[in-house]
Amino acid sequence: MNPAPTMTKRIRSKIARGSAELAILSLLAEQQLYGFEIAKQIGERTGGALKFTLASLYPLLYDMEKHGWVEARWQANHAGRDRRYYRLTPAGKKQIAPLKEEWRTFFQALDALTGVSHA
Amino acid sequence: MPDQNRPDWNKIVRERMSSPDSPCHRNEEVIAELAAHLEEVCEHAQSRGLNPTEALELTLQEVANCHALAADIRRAKSKEDTMNHRTRSLWLPALASLFASSLFLLVLTEISMRPPMLVRLHSGAAQQLYAVWLIGQIAFGALGAFLSRRVGGNRIARIVAGTFPAIVMLASCVIVIPVSALMQHNDFIFHNPGRLWWGAFLWAVVPAVTLLLGAAPFLQQPAKDHA
């Protein structure tokens, strides 16, 4: 059995997860938002390059909540409906800079290797 | 006006996430949150010009593989739910309300035991203190309901949390006092049951009304199927 496809999938999944974490943390650094708004704003602001579905968003949010990076509480949105708003905790705020640095290093390395950023 | 054709998103999520090996369907807070998300996805799709059927189909694609989603959520939430939703939305707010109310009663009792107040107790001061205590219940009812709503408690949880001091008082009057009288062979309340009921009325029923008054502003939000 060729392990390559599984490995590729795993790497891709880790990259997707890492980028998603940074996207969510960066967005919540600006304001508190609820799940649908997080997905909507990330989609809009990345021109659709990053898309979150319910299945990709909530497990990640719950995981980040478990790690204490975000905290959530129910409150009414502008339409008067109760929504679970997420906001960044101080621990979450501390994650942003190292994550950004990690991604910068990653892209520089990729650029040096493949010239992908000049493509 | 409520839309009769509006899908029951809570029901949809609950049904799709239920499986014998998935305890996720028991997490009402997750179900409510996912249902709210789907509701917005559907409305957003309609606002972009899709008809209701198309919007519904598009939205349901989000929960096409619910077993995987349930497993992912279960994994993400493991080790987290040491304090479950009911504890946070019902018991903690209820205890906060009870604690605040008891503390207030303690302070008023302390004040009433001071010598200048003792001599006035038979000249209406006791009624004044009772009135002050009753008015205070508005704040404690509000506190319980607010704390419950803050973490997504449904309307029943908010009512119970808000009126918990009165519920405890009622339980004391109906259970604790008679049982303790029985154990101490004290026949007074059995020969004068009217006193006990009058006490229950003054210390449980009337405060329940003022507690509810305080809780009322926090019962207005649409209830979710929580707790």
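In the text below, chain A, chain B and the rest are named by the order of the sequence lines, each starting its count at 1.
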Above 12 or not: heavy atoms from other molecules or residues under 6.0 Å from [atom1] of [X]?
{"X": "B/Ile156", "atom1": "CD1", "value": "no"}
{"X": "A/Glu44", "atom1": "CD", "value": "yes"}
{"X": "B/Trp133", "atom1": "CH2", "value": "yes"}

Salt-bridged, [X] to [Y], with N to O below 4.0 Å?
{"X": "A/Arg84", "Y": "B/Glu29", "answer": "yes"}
{"X": "B/Glu40", "Y": "A/Lys40", "answer": "no"}
{"X": "B/Arg158", "Y": "A/Asp82", "answer": "yes"}

Of the backbone (N, CA, C, O) and the side chain (C-beta and beyond), which part of B/Val41 lies under 4.5 Å from a heavy atom of chain A, both, or neither?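 For B/Val41, backbone and side chain are both near chain A.
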
Rounded at 0.5 Å granularity, tell me how far CD1 in B/Ile73 sits from OH in A/Tyr58.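 Here the rounded value is 9.5 Å.
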
If you measure from OG1 on B/Thr59 to CG on A/Leu54, what distance do you get to the nearest 0.5 Å?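 That separation rounds to 10.5 Å.
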
Going by heavy atoms in the side chains, are B/Leu38 and A/Phe36 under 4.5 Å from each other?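 When only atoms from C-beta onward are counted, A/Phe36 and B/Leu38 do not touch, as no gap falls below 4.5 Å.
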
Please tell me if the side chains of B/Arg149 and A/Gln75 come closer than 4.5 Å, counting only heavy atoms from C-beta onward.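 SC-SC contact between B/Arg149 and A/Gln75 ruled out.
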
Check step by step if ring pair (Phe, Tyr, Trp, His ring centres under 6.0 Å) holds for B/His37 and A/Tyr34. CA-CA 9 Å; B/His37 184 99; A/Tyr34 58 92; 8.8 Å; no

Give me the atom names and distance for the closest heavy-atom approach of A/Ala55 to B/Leu69.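 Where A/Ala55 meets B/Leu69 most closely, the heavy atoms are CA-CD1, 3.5 Å.
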
If you count heavy-atom pairs under 4.5 Å with chain A, which of B/Gln61, B/Glu39, B/Arg150 comes out on top?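 If we count pairs closer than 4.5 Å to chain A, B/Arg150 comes out on top.
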
B/Glu62 side chain to A/Thr53 backbone, donor-acceptor under 3.5 Å: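 Such a contact is absent between B/Glu62 side chain and A/Thr53 backbone.
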
So which part of A/Leu57 gets closer than 4.5 Å to some heavy atom of chain B, the side chain, the backbone, both or neither?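 Interface part for A/Leu57: side chain.
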
